Amino acid sequence: MKIYNTLSKREEEFVPLEEGKVKIYVCGPTVYNLIHIGNARPMIFFDTVRRYFIYKGYQVNFVSNFTDVDDKIINRAIEEKVSADEISEKYIAECKKDMEGMNILPADTHPQATKEIAGMIDMIKELIDKGHAYVSNDGTVYFRVKSFPEYGKLSHKNIDELQSGLRELKVSGENDKEASYDFVLWKPKKEGEPYWESPWSDGRPGWHIECSVMSKRYLGEQIDIHGGGEDLVFPHHENEIAQSECCNGKVFANYWMHNGMINIDNVKMSKSKGNAVDPFEALAKHGADAIRWYFYANSAPWLPNRFSDKLVTEGQSKFMSTLWNTYAFFVLYANIDEFDATKYKLEYDKLAVIDKWLLSKLNSTIKAVEDNLDNYRILETAKALLNFVDEMSNWYVRRCRNRFWAKGMEQDKINAYLTLYTALVEISKAAAPMIPFMTEEIYQNLVRSIDKTAPESIHLCDFPKVDESHIDKELEDNMEKVLEIVVLGRAGRNEANIKNRQPIGNMYVNFATGKNTLPEMYMDIIKEELNVKNITMLDDVSKFSGYTFKPQLRTLGKRFGSRLNALKEVLANVDGVKVMAELKETGKTVLNVGGVDE
């Protein structure tokens with residue numbers, strides 16, 4: 001399994017600190033308001049990472065905090081004339097409701113900053129004792145950045161480049177700082193703010209110290225993975241590294257994973273910018289699975305993602321609706337025939353070619369999904385699932401409808417049922433981390449309803465195993481050629497305005513690469529699909545092709561000047577096929593323009 005590590009800026013093989021176990025810490029929200037869709041992206045992304053580790057057999061300890069002491073919380077409490085605790089508890093409860101609505105697994109531990117103050121004070125004391133922190137005259141405690149030579153290793157910048165960001169963190173006692181880039185570990189109270197007693201002043205912790213303390217308490221001094229949004233790389237995660245490694249004398253986290261931001265009109269989504277999308281509204285409109293799928297299928301996790309209802313709806317239609325319609329087709333006819341998959345056994349050698357093709361595609365897809373997830377290719381994972389579901393619906397089911405409509409329960413019909421049943425169940429298991437609700441419903445109806453000994457939930461099943469004996473690459477390649485020819489043939493009919501019910505005498509086919517041959521049974525499928533009587537495979541299609549040439553004005557304008565119109569006339573009258581042949585053979589051609597060979 002590979003992970004893109006922000007620290008090294010490359011994909012790295014994942015090696016856990018302890019065999020079979022994974023310790024993950026993900027920075028959670030500051031709870032001063034309802035979360036928005038941008039907040040939901042890291043929740044969904046790291047939920048999938050966690051689920052996949054579980055699928056792979058790891059014992060996962062997953063910790064994600066709530067920041068419940070912050071200037072924004074205090075300001076909100078003052079506005080609403082309630083305590084900061086009331087604000088934070090209210091929005092922690094709302095956040096948990098949103099997470100449940102998106103089927104995000106609760107963290108093993110959800111620590112809150114206000115309940116970990118004693119640990120923060122202890123870590124700050126230790127940093128002071130080791131010379132990594134100092135106290136200003138007013139009781140503010142600063143981290144001494146120069147005491148940690150590796151500062152900047154996560155954001156890949158030196159101290160001078162980081163100064164501008166650090167100068168924004170202004171507090172009282174700013175003039176007592178040893179260096180402008182030193183950051184706050186503890187700050188004195190202001191009137192009306194919540195505070196805690198400390199050896200330095202009555203006050204509260206700086207933002208960064210809480211995650212170092214909570215990660216250490218619940219996961220230990222070293223963790224496997226630390227995650228969050230890319231906006232946390234600097235200063236938050238950079239400062240966490242400095243605090244933790246100076247205090248503990250060990251590497252804090254081996255892998256740093258960050259997701260990109262959600263944008264609205266190319267601007268980062270933010271409550272403070274007023275462009276936030278309410279997750280309850282999005283969930284009510286699209287459903288949790290559609291929102292989750294959008295985050296996987298629209299862009300790689302570490303890249304910015306543009307949110308729009310249209311894109312969510314398109315993804316829902318292309319993948320989820322297609323999967324559901326295929327499932328509904330199966331259920332409809334299985335109910336009519338009272339088909340029970342537990343009463344039959346799939347006998348591969350007795351299957352039709354198209355059944356073997358679907359099982360081959362299924363196992364190739366599961367293999368690709370596992371390989372892509374192992375190598376941190378989330379977008380490619382989604383594409384593999386999408387392509388399989390599309391071909392299962394629009395090729396296999398469409399080609400096999402008559403088999404399901406046949407009377408009685410002949411072996412060919414049973415084979416079609418078993419093949420489609422297997423494909424639906426196994427692809428649902430592979431897609432379960434991404435669309436947990438829909439796949440759970442499919443599993444409960446197709447599996448649990450007839451087999452009470454099966455795991456109670458699809459999320460308790462093992463990741464589907466690849467059956468290499470069912471993978472037939474030659475069969476897949478040949479069928480892929482068939483699909484390509486059929487798609488191009490339909491497009492040609494549409495362009496010529498010839499309906500499919502009108503037969504065509506001859507069709508000419510040329511493959512851009514490989515041999516221009518296909519076994520007869522595949523040719524028969526093409527003939528049937530396109531209503532063509534005869535197919536001719538050609539090596540040379542030049543007689544069906546034509547080429548025209550035009551001058552590129554930016555390149556040739558200066559060279560030809562007043563002769564440019566003459567060049568246009570020459571190009572308009574050349575034998576395009578002959579010139580293209582010369583270009584392919586020699587890489588050049590000679591034209592006479594105004595009596596001069598060019």
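What you see is a predicted model; the values in this text were computed from it and never measured. Counting from 1, the numbers follow the sequence of the chain as shown.
Remark: aromatic rings of F46 and F62 are distant, center separation not under 6.0 Å. Taking the six-membered ring for Trp, F45 and F295 have ring centres at least 6.0 Å apart. In this structure, F252 has its ring center no closer than 6.0 Å to that of Y25. Ring to ring, Y417 and Y344 are not that close: their centroids are 6.0 angstrom or more apart.
Annotation: the span from I44 atom CD1 to Y294 atom OH amounts to 10.5 Å, rounded to 0.5 Å. In this structure, CG in N372 is found 4.5 Å from CZ in R377, a value given to the nearest 0.5 Å.
One side chain, Q411 or N415, offers a donor N or O that lies under 3.5 Å from an acceptor on the other. In the model, Y296 has a side-chain atom that pairs as donor or acceptor with a side-chain atom of R292 under 3.5 Å. No side-chain donor-acceptor contact under 3.5 Å links S360 and H470. A side-chain donor from one of N500 and R493 sits under 3.5 Å from a side-chain acceptor of the other. There is a side-chain donor-acceptor pair under 3.5 Å between S8 and E12.
Among all heavy-atom pairs drawn from K23 and Q222, the shortest one is NZ-O, 2.8 Å. For N510 against L538, the heavy-atom pair with the smallest separation is ND2-O, 2.7 Å. When every heavy atom of L7 is checked against every heavy atom of H156, the shortest pair comes out as O-CE1, 2.8 Å. Closest non-hydrogen pair, V577 versus G546, comes out as CG2-CA, 4.4 Å. Minimum heavy-atom separation, P455 to R448: O-CD, 3.1 Å. Considering every non-hydrogen atom in both Y443 and A454, the closest pair reads OH-CB, 3.5 Å.
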Verdict with supporting geometry, H237 and H258, side chain to side chain contact (heavy atoms under 4.5 Å, CB included): CA-CA 10 Å; H237 288 168; H258 294 92; 2.8 Å; yes
Derivation of the side chain to side chain contact (heavy atoms under 4.5 Å, CB included) call for D467 and L362: CA-CA 9 Å; D467 188 340; L362 171 67; over 6 Å; no
Side chain to side chain contact (heavy atoms under 4.5 Å, CB included) between N445 and V331, worked out: CA-CA 9 Å; N445 194 26; V331 169; 3.8 Å; yes
R50 vs D108, salt bridge (charged side-chain N to carboxylate O under 4.0 Å, His left out): CA-CA, chis, key distance, verdict: CA-CA 11 Å; R50 177 189 183 184; D108 295 300; 3.5 Å; yes
Worked check of salt bridge (charged side-chain N to carboxylate O under 4.0 Å, His left out) between E426 and K465: CA-CA 9 Å; E426 295 304 299; K465 303 295 183 185; over 6 Å; no
L385/I427 under side chain to side chain contact (heavy atoms under 4.5 Å, CB included): CA gap, chis, key distance, verdict: CA-CA 8 Å; L385 291 167; I427 206 64; 3.8 Å; yes
Worked check of salt bridge (charged side-chain N to carboxylate O under 4.0 Å, His left out) between K285 and D309: CA-CA 9 Å; K285 185 172 184 178; D309 287 325; 3.1 Å; yes
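Between the side chain of D289 and the backbone N or O of M438, at least one donor-acceptor pair lies under 3.5 Å. Distance alone, capped at 3.5 Å, is enough to place a donor-acceptor pair between the T439 side chain and the P436 backbone. Judged by distance alone, with hydrogens and angles left aside, the side-chain atoms of N363 form no donor-acceptor pair with the main-chain N or O of E468 at under 3.5 Å. One N or O on the side chain of N387 and one on the backbone of K383 form a donor-acceptor pair closer than 3.5 Å. A donor-acceptor distance shorter than 3.5 angstrom exists from the side chain of S64 to the backbone of V26, with no hydrogens or angles considered. Not one N or O on the side chain of T589 forms a donor-acceptor pair closer than 3.5 Å with the backbone of V579. At distances below 3.5 Å, at least one donor-acceptor pair connects side-chain atoms of Q316 with backbone N or O atoms of H286. Not one N or O on the side chain of Y327 forms a donor-acceptor pair closer than 3.5 Å with the backbone of T322. Distance alone, capped at 3.5 Å, is enough to place a donor-acceptor pair between the T422 side chain and the L418 backbone. The backbone N or O of D462 lies less than 3.5 Å from no partner atom in the side chain of K429, so there is not a single donor-acceptor pair.
For the pair K21 and Y58, the cation-pi criterion (under 6.0 Å, within 45° of the ring axis) is not fulfilled. Relative to the ring axis of W395, R399 places its NZ or CZ within 45° and under 6.0 Å from the centre.
You'll find the side chain of N5 stays beyond 4.5 Å of the side chain of Y376, heavy atoms only. Within the 4.5 Å cutoff, the side chain of I442 has no heavy atoms near those of the I458 side chain. You'll find the side chain of K56 reaches within 4.5 Å of the side chain of E370, heavy atoms only. Residues F319 and I435 form a side-chain contact, since some pair of their non-hydrogen atoms from C-beta on lies under 4.5 Å apart. Using a 4.5 Å heavy-atom cutoff, the side chains of L475 and Y522 are in contact. Side-chain contact check for Y333 versus F339: every heavy-atom pair is 4.5 Å or farther apart. In this structure, the side chains of I223 and I24 stay at 4.5 Å or more apart for every pair of heavy atoms. Put simply, the side chain of Y52 reaches to within 4.5 Å of the side chain of M1, judged on heavy atoms.
The number of heavy atoms from other shown groups lying within 6.0 Å of CD (E13) is above 12.
Scored by the side chain to side chain donor-acceptor pair (under 3.5 Å) test, Y396 finds D355 as partners (sequence neighbours excluded). By the side chain to side chain donor-acceptor pair (under 3.5 Å) test, E440 pairs with Q444, S457, sequence neighbours left out. Under the rule for a side chain to side chain donor-acceptor pair (under 3.5 Å), the partners of N506 that lie at least two apart in sequence or sit in another chain are Y508, N534, T536. Annotation: side-chain contact (heavy atoms from CB on, under 4.5 Å) contacts of E314 (sequence neighbours excluded): K310, L311. With sequence neighbours excluded, the residues that form a side-chain contact (heavy atoms from CB on, under 4.5 Å) with E347 are K350. Not counting sequence neighbours, K318 has no partner by the side chain to side chain donor-acceptor pair (under 3.5 Å) test.
A salt bridge links K473 to E476: at least one charged side-chain nitrogen sits closer than 4.0 Å to a carboxylate oxygen. Salt-bridge check for D371 with K367: failed, with every basic side-chain N at 4.0 Å or more from each acidic carboxylate O. Using a cut-off of 4.0 Å between Lys/Arg side-chain N and Asp/Glu carboxylate O, R490 and E529 are scored as salt-bridged.
Note: F14 and Y255 have tilted aromatic rings, judged against thresholds of 30 and 60 degrees for the angle between ring planes.
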